[in-house]
Every structure is written in structure tokens, then in C-alpha cells.
Amino acid sequence: MRAMSLAGAAPRRKQSPVITASEPTGPDRGERPAALLAWYDRHRRILPWRPPAGVPADPYAVWLSEIMLQQTTVRAVGPYFEKFMARWPSVKALGAASLDDVLRMWAGLGYYSRARNLHACAVAVTRNHGGAFPDTEQGLRALPGVGPYTAAAIAAIAFGRQTMPVDGNIERVVSRLHAVEEELPKAKPRIQELAATLLGPERAGDSAQALMDLGATICTPKKPACALCPFNDGCVARLRGDAETFPRKAPKKTGALRRGAAFVVTRGDQLLLRSRAAKGLLGGMTEVPNSDWLADQDDAVARAQAPALKGVTRWQRKAGVVTHVFTHFPLELVVYTTQAPAGTRAPAGMRWAEVATLADEALPNLMRKVIAHALD
DNA sequence: GATTCGTGGAT
DNA sequence: TATCCAAGAAT
């Protein structure tokens, strides 16, 4: 079965230099799952959370990596995954950690609700499931932070369940393979259905990871390397020559620029910090005091939101602005600095933190930019 | 169904 | 430079 998949397809293509849409080369529909797995066995990526071929996956590592990989690149996740596994080697260990410690470790990775749900999920698995992840898609789906994709991914990869998770990679591969004209997200059910036909009778997890690797390395968003694809000219979009235009989706609108002010207060070797609200943007993370962020922010109004500090009346405005781009709006912050006298009290809800230990704080990258700009 | 949620790299 | 977008979920 394995021998026919790739080795068998090549000579047939050679004998038919004239390729027509009516006689596509490449594996037949029924042969695709095997061809995909054969490709995977040769070209699978080596990733920190992926055990060697044939070695069963650790559900905890699979879950942790899947949460981190939501809307996040493999490269960005790598070091975070290693850090988490080293500090919390099991779901029970993670469940015993404080949310604050988890947020500190997650700082910089973005989408901080994932970190809150990660912690809540670890607690739930520890307390309600005895430290063992549910081994069904339905059971997994009930956990915080685990949606349709992640539940299917864990079920297939960690427990061998016959289900096909559909992520952005697989949406792209499948929409090209079948030239799905319908736009996302309306096309999701159809794509899910088509993706499931690529599931082999065994090795469900490998089938899914194969499609993801294919999407990440061959069937890329721009300039796909179609010549190296195991599906070959079985791909309708490739035959049409417009693979790059799939998947269809409506262009997304960019949000309006918002502006605000940030206030960096030093007291000797210390810095004034506070925590953000538990939910919402950068929820639960640490920040320096700052104003509202508004589309039509008035500079004077923003500056007036500086924290009230006894003995502090003069603020220096740093030249330039700190810019940051969130998913749905760009942000410009003006930075004001001041030096508070020794002994100055932190206002209610705020605290002093050593500059030398800022690396250990739950500071999102925006705040790290602000502090770097201020202390520059 | 549409919004809200970070960040950095590639093109 | 501007745009896209990466193993999506929650609301």
C-alpha cells in the first residue's frame, strides 16, 4: 500500500506529459489517505511536542502545544512549550500552580485568555478527571479553552480517535484540493466533510498532522510548492493554476488608530506597576499606569490621567511614540516619565517593582516596549 | 454570525 | 510599507 502511493504516481506522470483536467495525475481519491501518510513518513517536521515516529504522544504535551499553537506560529511557541514542560511536567503540576505564575510564563505569547483557560483547564482535569484528560472529542470539548479544532486534534493525536481536526492549514489544503468556491467561514462544514475523507483507517493523528505539515511547508498561503505535493494534479486548484487564491474569504477591515498615554514612574531602581482587569484586552496582565485608548484621544485629557503621586508634579514627555498593533486596532502611546522621591507611596492598586526583575513580571510586549522606550 | 482577543515574521 | 496571517475560542 505504501509502495504504490508515491513511487507509483511518478512514472505515470512521466508517461503523460500532456496533462488535462479530465485526466489528472496523482493518487485516486481512495488512495489519498495512504499517499498523505507516505509523504508524512518522509517529510514530517521534527517539533518539540512531537515524539519520534511510532512513539505514543503524551496527552498533556499535546494539549499544551495545541493551546499554544492557536493562532500562533510554531517558531513562537517552541521556547514557551519548553519552558512550560520544564517547570510543569504534568497537568497536575500545572493545576497546582497559581494563575499569576502561569500568566508570567505566558507573557509575550499573546491571546492571554488562553493562559487563563489553560490554568482553568489544568485545574479541572486535575480535580474532576483525576489528572487524566478525557479521551473523547466530546469530553475534551467541555474543557475551558478547548474548541472544536483543539478537541478533535487532541482526540486524534493523543488518543487515536477517528476524527479530523480542521485548522487554517487544512482549510487551505482542502479548499485548494477541491477548489471550494464558497467563502469562509460559510464553507467550514463542507471543508470539514472533505477533510474527513483524507483520514486513513488508522493513524488518525498522523493524518491530521500530515495535512498541517503539508499546509505549513508545501501548500503555503503564498507561492505554494505544488510540484512537491503528494496530491499532485489531483488538486483542482493546481490544475486551474489559481491555487494561491484559495481559500476564498472576505477581506477583513482594519480598525481605526487609537491613541493614549503611558506613565513610567521610577523610584530609584524601582518602577510603578499595576494589574489590568481580569478579562478583556490583556486581561490579568501587568502594566504601567496608562490612560484610556481612544480613536479621538485628546493629548491633554490623556495626560491628565497620570497617577496622583505625592511629591510628583513634573512629568517629562519622551520624544516619539510607542506603536503597537493589536488584532483589531493599531495603538500609539505617548510616554511620560517622572522620578518619584524615595519613600513615595504607591497609589491604591499599584506597587513598586524592581527594574532588575521586570523579566519575571507578567508584562505583555506592548508594556515592555513602553518601558524600554521610557528608560532609553 | 460578527467581534474580540497579541505578536512577530513573511511577502 | 501595507497586508496577511499563524495547529481558534469565547462571547
Side-chain angles (χ1 to χ4, degrees), chain A residues 44-45 47-50 57 61-81 103 106-118 120-121 140-158 164-173 183-189 192 195 205 207-217 219-224 244-245 247 249-255 257-258 276-285 287 323-331 362-369:
Chain A
R44 68 197 291 272
R45 290 176 293 173
L47 301 172
W49 46 87
R50 190 179 278 178
V62 172
W63 164 73
L64 178 60
S65 66
E66 289 299 341
I67 300 299
M68 288 183 166
L69 285 162
Q70 290 167 6
Q71 296 293 285
T72 309
T73 58
V74 163
R75 169 181 300 198
V77 166
Y80 283 86
F81 176 80
L103 288 177
W106 195 278
L109 196 56
Y111 285 138
Y112 298 100
S113 66
R114 291 184 299 170
R116 301 194 298 272
N117 285 328
L118 184 84
C121 183
L140 290 160
R141 182 67 183 79
L143 296 170
V146 177
Y149 162 78
T150 304
I154 299 172
I157 298 170
M164 178 62 88
V166 178
D167 73 326
N169 285 306
I170 299 180
E171 281 178 347
R172 187 169 58 254
V173 171
E183 276 190 355
L184 286 173
K186 282 181 60 180
K188 278 179 179 289
Q192 171 74 63
S207 294
Q209 294 180 91
L211 279 180
M212 292 187 241
D213 279 17
L214 188 63
T217 63
C219 195
T220 49
K222 307 290 181 188
K223 299 186 185 306
E244 196 172 320
T245 67
K249 57 176 70 171
K252 47 188 165 188
K253 46 220 166 214
T254 60
L257 171 70
R258 299 184 199 179
R276 293 179 62 86
K279 293 183 180 179
L281 185 66
L282 307 177
M285 301 298 285
E287 66 179 5
T323 64
H324 194 75
V325 180
F326 290 104
T327 305
H328 50 300
F329 67 92
L331 176 68
L363 289 164
N365 280 0
L366 162 62
M367 291 300 154
R368 295 186 186 278
K369 283 191 209 175

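Quick note on labels: first sequence line is chain A, next is B, and so on, each numbered from 1.
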Practice task
Check every strand shown and say whether A/Leu366 touches a base, only sugar-phosphate, or nothing at a heavy-atom separation below 4.0 Å.
Solution key: sugar-phosphate
Exercise for the section: Give one of base, sugar-phosphate or nothing for A/Pro165, where a contact means two heavy atoms less than 4.0 Å apart. Expected result: nothing
Handout entry: side-chain hydrogen bond (donor to acceptor under 3.5 Å, both in side chains) partners of A/Lys186, counting only residues at least two apart
Key = none
Practice task
Verify the distance criterion only: is there a donor paired with an acceptor across the side chains of A/Arg50 and A/Gln209 at less than 3.5 Å?
Solution key: yes
Exercise for the section: Tell me what A/Gly108 touches on the nucleic acid: a base, only sugar-phosphate, or nothing, going by heavy atoms under 4.0 Å. Expected result: sugar-phosphate
Exercise for the section: Grab the CZ-P distance between A/Phe329 and B/dT7 for me, whole Å please. Expected result: 11 Å
Practice task
Describe the nucleic acid contact of A/Leu109 in one word from base, sugar-phosphate, nothing, applying a heavy-atom distance below 4.0 Å.
Solution key: base
Fill in the blank from the handout: Sorted by chain and number, sequence neighbours left out, side-chain hydrogen bond (donor to acceptor under 3.5 Å, both in side chains) with A/Ser113 holds for none
Handout entry: Sugar-phosphate, base or nothing in reach of A/Lys186, heavy atoms under 4.0 Å
Key = nothing
Fill in the blank from the handout: Nearest-nucleotide check on DNA chain B, A/Lys253 vs A/Gly283; residue mapping nearer the 5' end is A/Lys253
Practice task
Could you say whether A/Lys369 or A/Gly280 is positioned toward the 5' end of DNA chain B, judged by the nucleotide with the nearest heavy atom to each?
Solution key: A/Gly280
Exercise for the section: For nucleotides 2-11 of chain C, just jot down a letter per nucleotide in 5' to 3' order: B, S or -, based on protein non-hydrogen atoms under 4.0 Å. Expected result: ----BBBSS-
